[in-house]
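Take a look at the structure below.
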Amino acid sequence: MTHFSDTGPILITCPLEIPRYLKGELEGLGFAATEPLDAGVEVRGTLDDCMRLNLWVRTGHRVLFELKRFRAFDGDELYREIKELPWEEYIPRDGYFRVDAAIRDTTVNDSRFAGLRVKDAVADRFSEKFGSRPDSGPETSGVCLFLYWRENRATIYLDTTGDPLPRRGYRKRPHKAPMQETLAAACILASGWPELARRGGHFIAPMCGAGTLAIEAALMAMNGAPGLLRDDFAFKKIIGFDPARWDDLVGEAEDAEIPEIKGRIIATDHDPAAIEAARDNARLAGVGDFIEFAVCDFTQTEVPAGPGVVMLNPEYGMRLGDIEMLRAVYRGIGDFFKQQCGGKAGFIFTGNSELAKSVGLRTKRRRIFWNAKIECRLLEYELYEGTRKGD
C-alpha cells in the first residue's frame with residue numbers, strides 16, 4: 001500500500017523570523033500557504049509534494065508530513081497512541097528508523113525519553129505483528145519520525161528530509177564562522193535580489209568568507225533547485241517511494257535552470273584561504289562559472305555600474321575579532337557604500353547593533369534574523385547615485 005498520494009498537513013520548519021520568506025517561496029511553488037507560524041509554515045499536500053518541497057525550498061529546514069494529532073497526558077498514553085498507527089505501511093520490516101522529539105510543558109521533561117517511547121511503540125507493533133522489528137538509532141539513513149509534544153497535545157510526523165535542508169552538500173570547506181545556507185537565502189530574498197537578477201542587476205559580496213551569500217545568490221539567479229545538490233533524502237526510504245517519479249522531478253528541475261545570467265556576481269575576501277574555499281564550494285554547487293572571485297580588501301572590490309545589491313557579513317565581535325578594530329571596519333563599510341556603491345542597495349548583516357552605529361549612514365530598513373542564538377539585523381541602506389566617487 002502506498003501513501004504518497006494521500007493528502008494531509010505538511011509543516012515546513014525554519015528558524016525564527018524566516019517564515020515570511022518561506023511563505024513567499026511556498027506560494028511561488030503553487031502552495032496555498034497558511035499564515036506563518038513562529039518557526040515554520042503549514043500547507044496541505046501529499047508525500048509526492050514533500051519530494052518537490054525538499055527539492056526546491058531554500059529557507060526551510062525540514063519537511064514534515066503529519067500522520068496524527070492526538071492528546072497525550074503522559075508517556076504511557078503517548079505510547080498507546082503511537083502504537084495504533086500502521087507503521088508497517090511506512091517502514092520496511094527489514095528497514096531502519098530514527099525518532100526525533102521536541103517537547104514543551106509536558107509531564108515528561110526529557111525529549112530523549114519521549115523519543116524512546118515513540119521508538120518502543122513502533123518496535124512493539126512490529127514485534128507483535130511479525131515477530132521481528134526494524135532496527136533503530138540516530139542515523140538519518142532510514143525512515144525518520146518527528147514528535148512535537150506540547151502540554152497534552154502531540155503530533156507525529158514523517159520527517160521526509162532527514163539531514164536538514166541547509167546541508168545542501170556544497171559547503172565542503174566552511175572556513176571560519178560561515179553563514180548558514182538557510183539564513184543566507186533568507187537575507188538574499190529580503191534584499192529583492194531574485195527580481196533584480198531577472199533585470200540584469202549585479203550581486204556583490206565583499207568579505208565573502210566561504211562564499212555562501214554569493215553561491216545562494218547564484219543559485220537563485222540561475223533558478224537552481226538547492227535539493228539537486230544533495231545525495232539523499234529520508235522520503236526515499238518510505239514504503240511506496242517511486243524512484244521514477246523522483247527522477248521526473250529532478251529532470252524538470254534541471255530543465256528549469258537558466259544557463260546564463262544577465263548580471264555579474266562578484267565575491268571578494270582579503271584572505272586567500274577564504275577565496276580558495278569559496279571557489280571550491282561554488283564549483284561543487286554548480287555555480288562556479290557564474291561568480292567572479294578576487295582576493296582583495298573589501299574597499300577594493302569592483303562595483304560595476306548599474307543596479308545591484310551589495311551585501312556584507314562582517315564580524316560582530318561575539319566570537320571573532322576585537323571590538324575597537326571592528327569599529328574602524330564598520331566605518332570603512334560606510335565609506336565604501338558612500339564612495340563606491342552609488343545606485344545600489346547596500347546591506348550589512350550583523351549581530352552587533354553598537355558596531356552598526358559606526359557605519360554612519362541612515363538605515364532604510366532593519367530586519368530581524370537569528371544566527372544560532374544571536375539576535376541579528378539585516379540593515380538596508382539606500383545608496384544614491386550622486387554619492388558615487390567622482391560624480
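For reference, positions follow the sequence shown, starting with 1.
- A pairwise comparison of heavy atoms in Asp38 and Leu16 identifies O-CD2, 3.4 Å as the closest pair.
- Nearest heavy atoms, Pro206 versus Val310: CD-CG1, 4.1 Å.
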inquiry  = Between Asn152 and Arg71, does the side-chain hydrogen bond (donor to acceptor under 3.5 Å, both in side chains) criterion hold? Intermediate values first, please.
reply    = CA-CA 5 Å; Asn152 61 1; Arg71 288 186 175 272; 3.1 Å; yes

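- The closest donor-acceptor contact from the side chain of Lys119 to the backbone of Phe97 lies at 3.5 Å or more, if one exists at all.
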request  = Go through the steps to decide whether Val63 and Asp49 satisfy the test side-chain contact (heavy atoms from CB on, under 4.5 Å), and finish with yes or no.
outcome  = CA-CA 10 Å; Val63 180; Asp49 289 322; over 6 Å; no

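- Between Lys237 and Asp232 there is a salt bridge, since at least one side-chain N of the basic residue sits less than 4.0 Å from a carboxylate O of the acidic one.
- Of the candidates Ser136, Pro134, Pro92, Val143 forms a side chain to side chain contact (heavy atoms under 4.5 Å, CB included) with just one, namely Pro92.
- Checked for salt-bridge contact, Arg58 and Glu216 miss the test: no charged N lies under 4.0 Å from a carboxylate O.
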inquiry  = side-chain contact (heavy atoms from CB on, under 4.5 Å), that's the test. Do Gln180 and His61 meet it? Break it down for me.
reply    = CA-CA 11 Å; Gln180 188 182 62; His61 275 198; 3.3 Å; yes

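- Under the 4.5 Å side-chain heavy-atom criterion for grouping Ile, Leu, Val, Met, Phe, Trp and Tyr, Val287 is connected to Leu189 within one hydrophobic cluster.
- A donor atom on one side chain and an acceptor atom on the other are not found under 3.5 Å apart for Thr107 and Asp74.
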task = Dump the intermediate steps for side-chain contact (heavy atoms from CB on, under 4.5 Å) on Arg117 and Ile82, then the final yes or no.
result = CA-CA 9 Å; Arg117 293 301 281 158; Ile82 295 295; over 6 Å; no

request  = Could you go through the ring-ring contact (aromatic ring centres under 6.0 Å, His included) check for Trp246 and Phe235 one step at a time?
outcome  = CA-CA 10 Å; Trp246 175 242; Phe235 60 73; 5.1 Å; yes

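- In this structure, Leu67 is a member of the same hydrophobic cluster as Phe126, with clusters built from ILVMFWY side-chain heavy atoms closer than 4.5 Å.
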message = Show, in sequence, the C-alpha distance, side-chain angles and deciding distance for Asn371 and Tyr316, and conclude whether the side-chain hydrogen bond (donor to acceptor under 3.5 Å, both in side chains) test is met.
response = CA-CA 12 Å; Asn371 187 1; Tyr316 32 89; 2.6 Å; yes

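- By the 4.5 Å heavy-atom criterion applied to side chains, Leu379 and Arg366 are counted as neighbours.
- Across all their heavy atoms, Thr59 and Pro15 have their closest contact at O-CD, 4.2 Å.
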task = Kindly indicate, with the supporting measurements, whether the criterion side-chain hydrogen bond (donor to acceptor under 3.5 Å, both in side chains) is fulfilled by Thr299 and Asp297.
result = CA-CA 5 Å; Thr299 61; Asp297 186 77; 2.6 Å; yes

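- Taking each heavy atom of Ser111 and Ile103 in turn, the nearest pair found is N-CD1, 3.5 Å.
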request  = May I have the step-by-step check of ring-ring contact (aromatic ring centres under 6.0 Å, His included) for Tyr21 and Phe369, ending in yes or no?
outcome  = CA-CA 11 Å; Tyr21 307 106; Phe369 288 101; 5.7 Å; yes

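- With a 6.0 Å cutoff to the six-membered ring centre and a 45° limit on the axis angle, Arg93 counts as a cation-pi contact of Phe130.
- By the 4.0 Å N-to-carboxylate-O rule, Arg367 lies too far from Glu17 to be salt-bridged with it.
- Residues that satisfy the side chain to side chain donor-acceptor pair (under 3.5 Å) test with Asn54, not counting sequence neighbours, are Thr160, Thr161.
- The minimum heavy-atom distance between Met51 and Leu249, with the atom names listed, is CB-CD1, 3.8 Å.
- Taking both residues in full, the closest heavy atoms of Ala234 and Asp159 are given as CB-O, 3.3 Å, listed atom of the first, atom of the second, then distance.
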key: side-chain contact (heavy atoms from CB on, under 4.5 Å) between Thr301 and Ile266, worked out   = CA-CA 8 Å; Thr301 301; Ile266 298 171; 4.2 Å; yes

